[in-house]
Amino acid sequence: MIQELLHLFFPNYCCGCDTMLLPQEELLCVSCRAFLPFTDQHLYTPNEALNKFYGKVKIAQASCMLYYTKEGIVSNLLHQLKYNNQPKISYTLGKMYAELLADTPHLTTVDYLIPVPMHKKKRRQRGYNQVDGFATALAQYFGIPINKTLLTKITHTPSQTTKTFRERIKTKNTVFQLNDASSFTGKHLLLLDDILTTGSTLETCARLLLQIPQTTVSILCLAYTK
Ligand SMILES: [Zn+2]
(Lines give C-alpha, C1' and ligand atoms only; values in the text may rest on other atoms or scores of the structure.)
Protein backbone atom coordinates (compact mmCIF):
# COMPACT_ATOMS: atom_id res chain seq x y z
CA MET A 1 0.00 0.00 0.00
CA ILE A 2 2.70 2.45 1.02
CA GLN A 3 4.68 1.47 -2.07
CA GLU A 4 1.66 2.18 -4.26
CA LEU A 5 1.05 5.55 -2.65
CA LEU A 6 4.70 6.47 -3.03
CA HIS A 7 4.50 5.49 -6.66
CA LEU A 8 1.46 7.69 -7.16
CA PHE A 9 3.24 10.77 -5.84
CA PHE A 10 6.81 9.98 -6.91
CA PRO A 11 6.63 7.96 -10.11
CA ASN A 12 9.82 6.44 -11.48
CA TYR A 13 10.76 6.68 -15.11
CA CYS A 14 12.35 4.07 -17.34
CA CYS A 15 16.10 4.67 -17.76
CA GLY A 16 15.86 3.36 -21.30
CA CYS A 17 12.91 5.21 -22.83
CA ASP A 18 11.72 7.66 -20.16
CA THR A 19 8.16 6.31 -19.92
CA MET A 20 6.57 6.12 -16.48
CA LEU A 21 7.31 2.80 -14.77
CA LEU A 22 4.62 0.57 -13.31
CA PRO A 23 4.93 -0.04 -9.54
CA GLN A 24 6.39 -3.52 -10.08
CA GLU A 25 8.95 -2.37 -12.65
CA GLU A 26 12.43 -1.50 -11.52
CA LEU A 27 14.79 0.75 -13.48
CA LEU A 28 13.56 -0.39 -16.91
CA CYS A 29 10.12 -0.93 -18.39
CA VAL A 30 9.18 -4.41 -19.60
CA SER A 31 9.81 -3.60 -23.25
CA CYS A 32 13.26 -2.04 -22.67
CA ARG A 33 14.17 -5.05 -20.55
CA ALA A 34 13.14 -7.37 -23.37
CA PHE A 35 15.43 -5.53 -25.78
CA LEU A 36 18.55 -5.45 -23.61
CA PRO A 37 21.50 -6.51 -25.80
CA PHE A 38 22.98 -9.34 -23.73
CA THR A 39 26.41 -10.54 -24.88
CA ASP A 40 26.22 -14.09 -23.45
CA GLN A 41 30.01 -13.87 -23.08
CA HIS A 42 29.84 -15.71 -19.76
CA LEU A 43 28.76 -18.83 -21.65
CA TYR A 44 31.95 -19.00 -23.72
CA THR A 45 35.68 -19.19 -22.96
CA PRO A 46 37.56 -17.69 -24.65
CA ASN A 47 35.27 -14.91 -25.78
CA GLU A 48 35.63 -11.41 -27.24
CA ALA A 49 36.10 -9.81 -23.79
CA LEU A 50 38.94 -12.15 -22.87
CA ASN A 51 40.49 -11.70 -26.32
CA LYS A 52 40.97 -7.96 -25.62
CA PHE A 53 43.65 -8.93 -23.10
CA TYR A 54 45.24 -11.65 -25.20
CA GLY A 55 49.00 -11.18 -25.44
CA LYS A 56 48.89 -8.25 -22.98
CA VAL A 57 48.20 -9.63 -19.56
CA LYS A 58 47.16 -13.06 -18.29
CA ILE A 59 43.47 -13.00 -17.39
CA ALA A 60 41.75 -16.23 -16.38
CA GLN A 61 38.21 -15.32 -17.35
CA ALA A 62 36.55 -12.15 -18.61
CA SER A 63 33.01 -11.30 -19.55
CA CYS A 64 30.65 -8.36 -19.83
CA MET A 65 26.87 -8.46 -19.57
CA LEU A 66 25.62 -6.03 -22.21
CA TYR A 67 26.74 -4.57 -25.50
CA TYR A 68 27.30 -0.82 -25.35
CA THR A 69 26.46 1.38 -28.30
CA LYS A 70 26.65 5.18 -28.42
CA GLU A 71 22.89 5.48 -28.38
CA GLY A 72 20.33 3.20 -26.86
CA ILE A 73 19.26 1.66 -23.58
CA VAL A 74 22.71 0.68 -22.33
CA SER A 75 24.23 4.06 -23.07
CA ASN A 76 21.29 5.77 -21.31
CA LEU A 77 21.72 3.52 -18.29
CA LEU A 78 25.45 4.15 -17.97
CA HIS A 79 25.03 7.87 -18.52
CA GLN A 80 22.41 8.07 -15.75
CA LEU A 81 24.67 6.02 -13.52
CA LYS A 82 27.74 8.18 -14.05
CA TYR A 83 26.38 11.67 -14.38
CA ASN A 84 22.88 11.76 -12.94
CA ASN A 85 23.40 10.62 -9.37
CA GLN A 86 21.81 7.21 -9.80
CA PRO A 87 24.13 4.70 -8.07
CA LYS A 88 21.23 2.23 -7.76
CA ILE A 89 21.54 1.42 -11.48
CA SER A 90 24.86 -0.27 -10.76
CA TYR A 91 23.24 -2.45 -8.09
CA THR A 92 20.20 -3.40 -10.19
CA LEU A 93 22.34 -4.36 -13.19
CA GLY A 94 24.68 -6.24 -10.86
CA LYS A 95 21.77 -8.26 -9.50
CA MET A 96 20.67 -9.05 -13.04
CA TYR A 97 24.19 -10.22 -13.90
CA ALA A 98 24.45 -12.29 -10.72
CA GLU A 99 21.37 -14.25 -11.76
CA LEU A 100 22.88 -14.92 -15.19
CA LEU A 101 26.20 -16.00 -13.68
CA ALA A 102 24.61 -18.26 -11.06
CA ASP A 103 24.59 -21.29 -13.36
CA THR A 104 28.20 -20.86 -14.51
CA PRO A 105 31.50 -21.63 -12.75
CA HIS A 106 32.64 -17.99 -13.14
CA LEU A 107 32.60 -17.06 -9.47
CA THR A 108 33.04 -20.41 -7.74
CA THR A 109 36.78 -19.99 -7.15
CA VAL A 110 36.83 -16.20 -6.62
CA ASP A 111 38.19 -15.07 -3.22
CA TYR A 112 37.74 -11.28 -3.48
CA LEU A 113 35.76 -8.82 -5.57
CA ILE A 114 37.81 -5.75 -6.44
CA PRO A 115 35.97 -2.75 -7.93
CA VAL A 116 38.30 -0.67 -10.11
CA PRO A 117 39.22 2.15 -7.71
CA MET A 118 38.33 5.76 -8.22
CA HIS A 119 40.45 8.68 -7.11
CA LYS A 120 39.07 9.98 -3.81
CA LYS A 121 38.73 13.49 -5.20
CA LYS A 122 36.58 12.27 -8.08
CA ARG A 123 34.59 10.10 -5.70
CA ARG A 124 33.87 13.15 -3.57
CA GLN A 125 32.64 15.05 -6.64
CA ARG A 126 30.34 12.25 -7.80
CA GLY A 127 29.43 11.10 -4.31
CA TYR A 128 29.93 7.42 -5.14
CA ASN A 129 31.98 4.97 -7.15
CA GLN A 130 29.76 3.77 -10.01
CA VAL A 131 31.11 0.22 -9.66
CA ASP A 132 30.25 -0.19 -5.96
CA GLY A 133 26.60 -1.19 -6.50
CA PHE A 134 27.69 -3.87 -8.97
CA ALA A 135 30.19 -5.20 -6.42
CA THR A 136 27.61 -5.16 -3.61
CA ALA A 137 25.07 -7.08 -5.69
CA LEU A 138 27.61 -9.81 -6.51
CA ALA A 139 28.87 -9.92 -2.92
CA GLN A 140 25.35 -10.43 -1.57
CA TYR A 141 24.41 -13.03 -4.16
CA PHE A 142 27.58 -15.14 -4.01
CA GLY A 143 28.79 -14.38 -0.48
CA ILE A 144 32.21 -13.18 -1.68
CA PRO A 145 33.91 -10.28 0.19
CA ILE A 146 34.66 -6.96 -1.51
CA ASN A 147 38.13 -5.53 -1.08
CA LYS A 148 38.77 -1.81 -1.59
CA THR A 149 42.14 -1.43 0.11
CA LEU A 150 44.44 -3.68 -1.91
CA LEU A 151 44.26 -1.44 -4.97
CA THR A 152 43.87 2.33 -4.76
CA LYS A 153 44.12 5.28 -7.12
CA ILE A 154 46.40 8.07 -6.04
CA THR A 155 47.89 11.26 -7.36
CA HIS A 156 51.50 10.61 -8.05
CA THR A 157 53.81 13.58 -8.18
CA PRO A 158 57.34 12.59 -9.10
CA SER A 159 59.82 14.32 -6.81
CA GLN A 160 61.42 16.85 -9.09
CA THR A 161 62.73 19.49 -6.78
CA THR A 162 64.35 21.44 -9.55
CA LYS A 163 61.07 22.03 -11.36
CA THR A 164 58.89 25.05 -10.82
CA PHE A 165 55.48 24.71 -9.20
CA ARG A 166 53.73 24.98 -12.55
CA GLU A 167 55.87 22.24 -14.09
CA ARG A 168 55.15 20.00 -11.12
CA ILE A 169 51.39 20.41 -11.58
CA LYS A 170 51.80 19.45 -15.22
CA THR A 171 53.61 16.22 -14.40
CA LYS A 172 51.05 15.24 -11.76
CA ASN A 173 49.65 11.85 -12.65
CA THR A 174 46.90 9.64 -11.31
CA VAL A 175 48.12 6.11 -10.94
CA PHE A 176 46.97 2.88 -9.39
CA GLN A 177 48.85 1.63 -6.38
CA LEU A 178 49.13 -1.87 -4.92
CA ASN A 179 49.01 -1.77 -1.13
CA ASP A 180 49.85 -4.37 1.53
CA ALA A 181 49.34 -7.62 -0.37
CA SER A 182 50.84 -10.04 2.16
CA SER A 183 47.62 -11.97 2.74
CA PHE A 184 46.63 -12.24 -0.92
CA THR A 185 49.15 -14.84 -2.11
CA GLY A 186 47.48 -17.50 -4.24
CA LYS A 187 44.10 -15.78 -4.27
CA HIS A 188 41.69 -15.48 -7.18
CA LEU A 189 40.81 -11.80 -7.57
CA LEU A 190 37.89 -10.60 -9.64
CA LEU A 191 38.24 -7.08 -11.02
CA LEU A 192 34.95 -5.25 -11.63
CA ASP A 193 34.27 -2.25 -13.85
CA ASP A 194 31.26 -0.62 -15.46
CA ILE A 195 32.50 -0.77 -19.04
CA LEU A 196 35.20 -2.53 -21.02
CA THR A 197 36.40 -0.33 -23.86
CA THR A 198 40.09 -0.55 -24.72
CA GLY A 199 40.79 -2.47 -21.53
CA SER A 200 43.82 -0.35 -20.66
CA THR A 201 42.64 0.56 -17.14
CA LEU A 202 41.78 -3.05 -16.33
CA GLU A 203 45.08 -4.15 -17.84
CA THR A 204 46.99 -1.79 -15.55
CA CYS A 205 45.06 -3.01 -12.50
CA ALA A 206 45.52 -6.67 -13.45
CA ARG A 207 49.27 -6.19 -13.93
CA LEU A 208 49.56 -4.82 -10.40
CA LEU A 209 47.49 -7.63 -8.88
CA LEU A 210 49.53 -10.24 -10.74
CA GLN A 211 52.67 -9.00 -8.97
CA ILE A 212 51.32 -10.86 -5.93
CA PRO A 213 52.73 -14.42 -5.99
CA GLN A 214 50.42 -17.09 -7.49
CA THR A 215 47.41 -14.85 -7.92
CA THR A 216 44.76 -15.38 -10.57
CA VAL A 217 42.90 -12.39 -12.00
CA SER A 218 39.52 -12.43 -13.73
CA ILE A 219 37.36 -9.58 -15.01
CA LEU A 220 33.64 -8.77 -15.08
CA CYS A 221 32.06 -5.62 -16.51
CA LEU A 222 28.50 -4.48 -16.96
CA ALA A 223 29.01 -3.36 -20.55
CA TYR A 224 31.25 -4.09 -23.50
CA THR A 225 32.26 -1.83 -26.39
CA LYS A 226 33.07 -3.58 -29.64
ZN1 LIG B 1 11.65 1.70 -21.32
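Quick caveat, the model's predicted, so the values are computed rather than measured. Just so you know, ligand 1 is whichever comes first in the structure, and atom 1 is the first atom listed for that ligand.
- Side-chain N or O atoms of Thr216 include none that pairs as donor or acceptor with a backbone N or O of His188 at under 3.5 Å.
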Which donor-acceptor pairs under 3.5 Å do the side chains of residues 66-73 make with protein atoms, sequence neighbours left out?
{"residue": "Tyr67", "atom": "OH", "partner": "Glu48", "partner atom": "OE2", "Å": "2.4"}
{"residue": "Thr69", "atom": "OG1", "partner": "Glu71", "partner atom": "O", "Å": "2.7"}

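- A donor-acceptor distance shorter than 3.5 angstrom exists from the side chain of Thr104 to the backbone of Leu101, with no hydrogens or angles considered.
- Contacts classified as salt bridge (charged side-chain N to carboxylate O under 4.0 Å, His left out) and involving residues 185-205 (residues at least two apart or in different chains) are given here: Lys82-Asp194, Glu203-Arg207.
- Within 6.0 Å of atom CZ in Phe35, 12 or fewer heavy atoms from other residues, nucleotides or ligands are found, so the atom counts as exposed in its surroundings.
- If you look at the Zn ion (ligand 1), the protein N, O or S atoms less than 2.8 Å from it are Cys14 SG, Cys17 SG, Cys29 SG, Cys32 SG.
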For residues 88-95, dump all side-chain donor-acceptor pairs below 3.5 Å to protein atoms at least two apart in sequence or in another chain.
{"residue": "Lys88", "atom": "NZ", "partner": "Glu26", "partner atom": "OE2", "Å": "3.1"}
{"residue": "Ser90", "atom": "OG", "partner": "Gln130", "partner atom": "O", "Å": "2.8"}
{"residue": "Ser90", "atom": "OG", "partner": "Gly133", "partner atom": "N", "Å": "3.4"}
{"residue": "Ser90", "atom": "OG", "partner": "Phe134", "partner atom": "N", "Å": "2.8"}
{"residue": "Tyr91", "atom": "OH", "partner": "Gln140", "partner atom": "OE1", "Å": "2.6"}
{"residue": "Thr92", "atom": "OG1", "partner": "Lys88", "partner atom": "O", "Å": "3.0"}

